[in-house]
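Below you'll find the structure, written out as structure tokens, and then a few comments.
The chains referred to below are lettered A, B, ... by the order of the sequence lines, with proteins before strands, and numbering in each begins at 1.
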There are 2 protein chains.
Amino acid sequence: MSAMTATAAAPSTPSPALAPKGERTRQSILDRAVDLASLEGLQGLTIGRLAEELGMSKSGLFAHFGSKEELQIATIEAASQRYITEIFTEALRQPRGYPRLQAICDSWLSYIRRSVFPGGCFFAAASFEFDSRPGPVRDRVRQMMDDWMHALERSIRMAKDEGHLKDDVDPAQLAFELNSLFFGANFAFYLRDDQQAIERAERAVLTRLQALKK
Amino acid sequence: MSAMTATAAAPSTPSPALAPKGERTRQSILDRAVDLASLEGLQGLTIGRLAEELGMSKSGLFAHFGSKEELQIATIEAASQRYITEIFTEALRQPRGYPRLQAICDSWLSYIRRSVFPGGCFFAAASFEFDSRPGPVRDRVRQMMDDWMHALERSIRMAKDEGHLKDDVDPAQLAFELNSLFFGANFAFYLRDDQQAIERAERAVLTRLQALKK
DNA sequence: CCTACCGATCGGTAGG
DNA sequence: CCTACCGATCGGTAGG
């Protein structure tokens with residue numbers, strides 16, 4: 001069962017002061033690791049640099065993970081939590097069907113505009129960084145993106161079930177198109193500094209959804 | 001004047017045997033560098049690894065460029081030539097307007113299906129890798145992607161001028177949408193191993209273009 | 001284009 | 001969680 005099928009994202013990112021201190025340290029390392037990786041890449045993330053930024057020794061930090069690969073995977077896990085919280089928490093308050101689907105799209109573009117990850121969407125970057133690097137890190141990124149696409153497809157299917165979208169809408173096809181527009185917005189916003197990136201994506205999403213409305 | 005405004009791409013990639021041998025060596029280094037960078041990233045490209053693959057010394061290879069940054073920029077230049085050749089050479093044989101725009105879209109998706117760069121589109125990967133890493137490498141990637149988007153917009157404008165697309169089509173908006181679908185196809189094809197990625201993108205492109213046809 | 005280097009940093013370990 | 005290391009590799013240089 002994937003994280004994204006949970007009813008809501010447990011916001012475990014800001015560890016409560018009650019948590020064991022080892023757990024709190026680990027979470028503060030991962031929060032920083034996520035931001036750093038979004039800026040420099042998941043491979044560009046180095047233990048030395050991360051330790052320096054946190055004011056601790058390399059080996060002290062290293063002891064929490066055991067290998068760079070484990071650190072990368074734990075970083076992906078922490079980024080997933082932030083992603084799910086940002087994209088779904090608000091949207092799940094909307095009624096299922098068209099309103100919720102629309103809310104997911106709005107959340108996604110807002111998540112880019114607000115730079116939830118300082119270097120742009122962690123998973124868009126990780127997807128393009130690891131798509132041709134076989135191994136456990138790629139597998140984890142792929143699993144996460146499969147979960148995300150399935151969650152998006154599910155929200156489209158619900159909109160069909162509620163009678164909000166036409167019966168001949170192909171959920172996988174529409175999910176592909178919406179996700180493409182999201183990644184395209186990330187590209188235009190972060191690389192091209194296109195101030196109209198978000199509105200262009202909004203317009204394209206709206207045009208597409210309106211055309212499929214029942 | 002950007003490379004992409006040239007009437008056709010001079011295929012200087014396979015250096016003729018006539019070229020000075022220094023030039024030939026340089027080109028063979030860059031051909032390999034482009035492939036390696038598409039697999040491991042432009043930052044993951046290392047002089048030692050590249051030299052080893054080519055059976056030459058690090059310093060011998062290094063002498064051609066002077067710094068890693070210069071190697072990265074020369075690699076981007078070499079990748080641009082391959083990109084322009086693949087996307088535009090065939091398409092420029094089509095009559096301007098709708099047929100040529102359609103041909104550019106077909107070329108792009110064929111370029112993904114055929115893995116022209118072994119690790120997927122060099123520029124999609126470089127865009128997400130460098131969007132938050134200021135410096136000359138990012139500047140060169142951005143310039144190349146600005147050129148590409150402008151070339152795509154120009155082909156849309158031509159289709160309007162020929163009376164093939166509706167007068168109210170916004171070239172920058174449509175270019176944004178098409179490019180998003182191309183990058184989305186790259187994502188689905190290389191990370192998700194989605195065998196339907198190309199046809200989904202084809203379908204989305206066709207649906208969008210048909211809706212804007214005059 | 002080579003050999004022979006340089007200091008810095010990488011991931012990782014020993015031992016506490 | 002630390003100090004003190006390890007071998008390997010990084011980008012880069014000297015000198016030919």
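The side chain to side chain donor-acceptor pair (under 3.5 Å) search around B:S110 returns B:R114, not counting sequence neighbours. With sequence neighbours left out, A:L39 forms a side-chain contact (heavy atoms from CB on, under 4.5 Å) with A:P118, B:S132. Under the side-chain contact (heavy atoms from CB on, under 4.5 Å) criterion, B:P95 pairs with B:P99, not counting sequence neighbours. For B:E202, the salt bridge (charged side-chain N to carboxylate O under 4.0 Å, His left out) partners are B:R113, not counting sequence neighbours. Residues passing the side chain to side chain donor-acceptor pair (under 3.5 Å) test with A:R208 are A:E177, sequence neighbours excluded. Legend: residues meeting salt bridge (charged side-chain N to carboxylate O under 4.0 Å, His left out) with B:R26, ordered by chain and number and at least two apart, are absent. By the side chain to side chain donor-acceptor pair (under 3.5 Å) test, A:D35 is found to be paired with A:R82, residues two or more places apart in sequence or in another chain being considered.
A 4.0 Å heavy-atom criterion places the boundary nucleotides of DNA chain D facing chain B at D:dC10 to D:dT13, written 5' to 3'.
Crowding of A:R133 atom CZ: a count of heavy atoms from other residues, nucleotides or ligands under 6.0 Å exceeding 12.
Across every non-hydrogen atom of B:F117 and B:A79, the tightest pair is CZ-O, 3.7 Å.
Consecutive Watson-Crick or G-U pairs involving DNA chain C, each under 3.5 Å on both distances, make up stems of three or more pairs at C:1-16 with D:1-16.
A heavy-atom distance below 4.0 Å to DNA chain C is reached by these residues of residues 39-47 of chain A, ordered by number: A:L45, A:T46, A:I47. Contacts between residues 49-60 of chain B and DNA chain D, defined by a heavy-atom separation under 4.0 Å, are made by B:K58, B:S59.
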Please list, one pair per line, the donor and acceptor atoms closer than 3.5 Å that link side chains of residues 179-187 of chain B to other protein atoms, with sequence neighbours excluded.
from, atom 1, to, atom 2, distance (Å)
B:N179, OD1, B:W148, NE1, 2.9
B:S180, OG, B:F176, O, 2.8
B:N186, OD1, B:C121, N, 2.9

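Rounding to the nearest 0.5 Å places CG of B:L30 at 8.5 Å from CG of B:L50.
For B:F122 and B:Y83, the distance between ring centers is not under 6.0 angstrom.
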